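Just below is one structure, and these are the notes that go with it.
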Amino acid sequence: MALVSVANLVLSFGDRRVLDGVNLTLDAGQHVGMVGRNGCGKSTLLKLIAKRPGLKPDSGHVQLARGTKAGYLTQDPDLSPDHTLREEAGTALAELDALHREIESLSHNMAEATGDKLDRLLKRYELLEVRLQALGGYATDHLVDQVLHGLGLTDDFFNVKVRDLSGGQKGRLALAKLLLAHPDVLLLDEPTNHLDIAGRQWLEGFLATYTGAVLLVSHDRWVLDRVVTKIYEMEEGRLVEYPGNYQKYRELRAERHLAQRRAFDKQQTAIKQEQAFIARYKTGQRAKQARGREKRLDRFKRDDALDRPIELDTMKLQFKPGPRCSDNAIITHELGVEYETRKLFANLSVTIKRGDTIGIIGPNGSGKSTVVRCMLGEQEPTAGHTRIGAQVDVGHYKQTHEHLDLSRTVIEYLRPVTPHQLEQEACDLAGAFLFSGDEQGKQLGVLSGGERSRAVLAGLVAGGHNLLVLDEPTNHLDIPSTERLEEALRRFSQPASGYGQNRSPEGTLLIISHDRMLLDNLASQLLIFDGRGHVKHFLGTYSEYLRTQDTPDVVKDDARDVTAKPKKTKTAKPQASTKQKSKKKSKAVKAPRKKSRYSHMSQKKLETMIEQTEAKLAELDAQLADPEVYQDRHRFNDLHEQREKVQAELTPLEEEWARRADEG
């Protein structure tokens with residue numbers, strides 16, 4: 001059944017047509033992704049579906065099925081500043097609280113009702129019970145804490161007032177409230193913006209098992225690959241539908257564009273042949289025939305001719321080769337940073353060689369940016385030391401862009417990095433990064449996040465650096481720009497070959513990122529921060545690292561089952577012994593899981609208790625299904641209390657079973 005239907009939707013802002021006949025359907029339980037360039041209208045479409053105030057289409061309609069509730073993740077969440085974080089999250093369960101109250105009222109009424117009235121009350125009770133279980137049942141406190149923890153909001157922040165939270169924490173709180181509300185349709189606009197890798201993994205698991213419909217706008221290719229079963233691409237104000245996940249979309253899109261190009265080229269060849277015939281015989285003996293064919297050709301070009309396939313502009317990324325640096329680009333020895341009583345990291349000894357590509361991952365605030373500043377000499381460590389190799393030329397992309405003079409224009413910013421520092425060279429460079437006309441004269445301070453990112457990347461491309469340090473370089477980039485950057489970085493770090501301007505840079509890369517696909521496609525080594533003061537140096541890709549982990553992870557290439565464990569694979573690579581040592585070390589530093597009162601119990605006894613408790617619950621449910629029960633108010637209340645008690649006994653037993661399953 002279609003929960004959302006969008007038909008022939010048209011919307012313009014001034015003389016700009018944003019949506020041009022958009023059609024979309026979203027069925028119950030369907031998970032769909034939507035991709036497209038920044039500013040193409042994806043967020044606008046979500047707002048129209050969510051019926052946001054102040055926004056109406058010029059024509060067409062958006063229809064939600066009767067009784068359907070749509071939840072929209074806005075970029076500017078409406079949160080109460082006086083609530084604590086935990087209190088504000090709890091407000092999302094207002095519907096659940098109302099259900100509890102209505103069920104309690106129904107139970108009183110059923111005790112006194114008979115005949116048709118009792119039947120009506122019973123049907124209503126059954127509907128409410130189904131909705132109650134879909135929203136989490138009776139374990140509301142556990143549900144709230146689970147979602148908050150999954151999104152990286154720990155107990156330390158539960159009592160912090162909303163007004164004192166950071167922007168990222170408010171974004172995660174808004175997402176938590178939306179997930180807790182469990183609407184029939186989830187409309188998610190860049191939900192991973194404020195999430196680290198652990199938070200993204202948790203969200204993937206949540207969405208993979210979400211029973212409602214999901215429409216997800218995201219630039220995170222890893223998430224799209226593992227959560228959605230269909231992709232809509234916004235292209236020139238219209239939606240093009242592709243079945244499958246993101247990788248399948250890329251394949252089908254390439255095939256579609258190739259077929260369009262071939263059909264267009266074939267048609268253009270036929271038109272040129274027809275025009276040549278008309279030009280040749282227009283004034284001769286066959287003029288009448290030529291004029292007839294000219295009229296047919298004009299009608300064909302007006303009514304049936306194919307449009308030229310859309311080829312959108314992309315950034316022209318080609319890093320300028322820098323000087324060849326020494327074999328060892330950076331060497332650290334027992335590097336450590338500690339703030340008062342908090343240890344960010346310690347004893348980090350690593351040698352980064354010329355041509356290495358190293359990904360740096362870990363929770364927010366674990367020290368990733370700090371370790372880079374220490375490596376580059378921008379910050380003094382509290383222990384150890386670092387040394388930069390000879391002729392190393394560093395290009396540093398900083399996540400916050402705090403190093404920029406925001407009063408400078410795009411041209412003024414780029415001119416110093418051009419070969420001869422000429423304005424025309426700066427204009428050409430800006431044009432290659434999609435700044436045209438008046439945009440080149442804009443101050444950096446008035447640019448959007450994506451535009452500013454493009455300006456900084458343009459400066460790095462022309463800078464001739466041989467060591468690039470990139471801190472979240474894809475945060476404000478759309479998917480096509482991210483893939484162009486990825487391709488350019490791959491060329492940047494290739495082994496040296498060629499001569500002169502054709503010489504490959506053989507550059508060294510340090511990438512701090514939560515973009516797992518970018519990391520997996522580029523990095524051959526990882527520095528992994530665990531947020532508890534430990535750093536692990538892993539020799540291998542991100543996918544190889546995942547295969548060494550014992551805990552289940554939803555981000556696997558070959559499965560969607562979030563409860564399944566990834567297969568362990570053996571490798572004959574020379575680094576095998578190193579990876580085994582890394583695995584042992586990771587087990588050693590893993591935080592101890594919280595024990596429960598059933599931790600001492602044997603697995604067999606635990607499973608027996610779960611079976612017995614589930615049997616009690618089923619027996620009580622069978623009794624509660626008997627209409628005669630509701631004629632005896634005291635009996636109903638007694639059974640209802642027993643059921644809640646048995647459910648409360650079952651929950652910790654299941655949690656203990658799940659904990660053991662996680663630990664393998």
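Owing to the predicted nature of the structure, the values given are computational and were not obtained by experimental measurement.
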With a 4.5 Å heavy-atom cut-off, do [X] and [Y] have their side chains touching?
| X | Y | answer |
| --- | --- | --- |
| L414 | F435 | no |
| M234 | L239 | yes |
| Y413 | V456 | yes |
| L467 | I352 | no |
| Y249 | R221 | no |
| R452 | H476 | no |
| Q443 | R408 | no |
| V337 | C374 | yes |

Inspect the surroundings of [atom1] in [X] and state if more than 12 heavy atoms from other residues, nucleotides or ligands are less than 6.0 Å away.
| X | atom1 | answer |
| --- | --- | --- |
| R387 | CZ | no |
| Q247 | CD | yes |
| F264 | CZ | yes |

Notebook entry, point to check: Which of these passes side chain to side chain contact (heavy atoms under 4.5 Å, CB included) with H537: L526, V350, T351?
Noted result: V350
Note to self: L335 and side chain to side chain contact (heavy atoms under 4.5 Å, CB included): which single residue from V371, V535, T382 fits?
What the structure shows: V371
Separation between [atom1] of [X] and [atom2] of [Y], rounded to the nearest 0.5 Å:
| X | Y | atom1 | atom2 | result |
| --- | --- | --- | --- | --- |
| L468 | I511 | CG | CD1 | 9.0 Å |
| T482 | L477 | OG1 | CG | 4.5 Å |
| H257 | L252 | NE2 | CG | 11.5 Å |
| L510 | L470 | CG | CG | 8.5 Å |
| R516 | Y542 | CZ | OH | 5.5 Å |
| R484 | F433 | CZ | CZ | 9.0 Å |

For [X] and [Y], work out which heavy atoms get closest and say how close.
| X | Y | result |
| --- | --- | --- |
| A430 | V410 | CB-CG1, 4.1 Å |
| L85 | L173 | O-CD1, 3.8 Å |
| S326 | G389 | OG-CA, 3.4 Å |
| D478 | N38 | OD2-N, 3.2 Å |
| D225 | M517 | OD2-CE, 3.6 Å |
| T154 | H149 | CA-CD2, 4.2 Å |

So, [X] and [Y]: side-chain donor and acceptor under 3.5 Å apart, yes or no?
| X | Y | value |
| --- | --- | --- |
| S407 | D405 | yes |
| D356 | T508 | no |
| E486 | N521 | yes |

Checklist line | Of all pairs that satisfy side-chain hydrogen bond (donor to acceptor under 3.5 Å, both in side chains), the ones with a partner from residues 426-439, not counting sequence neighbours | finding: Q424-D428
Notebook entry, point to check: Is there any side-chain hydrogen bond (donor to acceptor under 3.5 Å, both in side chains) pair reaching into residues 362-376, and which pairs are they, with sequence neighbours excluded?
Noted result: N364-H514, S369-D471, T370-R373, R373-Q379
Any donor-acceptor pair under 3.5 Å linking the side chain of [X] with the backbone of [Y]?
| X | Y | value |
| --- | --- | --- |
| E190 | H219 | yes |
| T192 | L195 | no |
| Q549 | L546 | no |
| N466 | R324 | no |
| Q440 | C427 | yes |
| S349 | E334 | yes |

Item checked: Cation-pi check, R226 onto W222 ring (under 6.0 Å, within 45° of axis) -> yes
Next item on the list: Before giving the answer on side-chain contact (heavy atoms from CB on, under 4.5 Å), spell out for F492 and L509 the whole-Å C-alpha distance, their side-chain angles and the decisive distance to 0.1 Å.
Entry: CA-CA 9 Å; F492 173 81; L509 279 174; 3.9 Å; yes
Would you tabulate the side-chain donor-acceptor contacts of residues 391-398 under 3.5 Å, counting partners in other chains and residues two or more places apart, or write 'none'?
residue, atom, partner, partner atom, Å
D393, OD1, H465, ND1, 2.9
H396, ND1, E378, OE2, 3.3
Y397, OH, H401, NE2, 3.3
Y397, OH, S453, OG, 3.0

Next item on the list: Start with the C-alpha distance between R415 and E425, add both sets of side-chain angles, then the distance that settles salt bridge (Lys or Arg N to Asp or Glu O under 4.0 Å), and finish with yes or no.
Entry: CA-CA 7 Å; R415 188 170 178 173; E425 290 178 329; over 6 Å; no
Note to self: Before you tell me yes or no, could you show the steps for I361 and L527 under side-chain contact (heavy atoms from CB on, under 4.5 Å), namely the whole-Å CA-CA distance, both residues' side-chain angles and the distance that decides it to 0.1 Å?
What the structure shows: CA-CA 6 Å; I361 63 175; L527 289 178; over 6 Å; no
Margin query: Test side-chain contact (heavy atoms from CB on, under 4.5 Å) on D189 and L216; report intermediate values, then the result.
Written below: CA-CA 6 Å; D189 192 354; L216 171 66; over 6 Å; no
Item checked: Y242 and its side chain to side chain donor-acceptor pair (under 3.5 Å) partner, picked from R250, R256, K248, E251 -> R256
Look at [X] together with [Y] and state whether they make a salt bridge at an N to O cut-off of under 4.0 Å.
| X | Y | value |
| --- | --- | --- |
| E487 | R491 | yes |
| R200 | D220 | yes |
| E233 | R253 | yes |

Margin query: Does D530 form a side-chain contact (heavy atoms from CB on, under 4.5 Å) with K536? I'd like the steps, not just the answer.
Written below: CA-CA 8 Å; D530 67 356; K536 178 169 67 174; over 6 Å; no
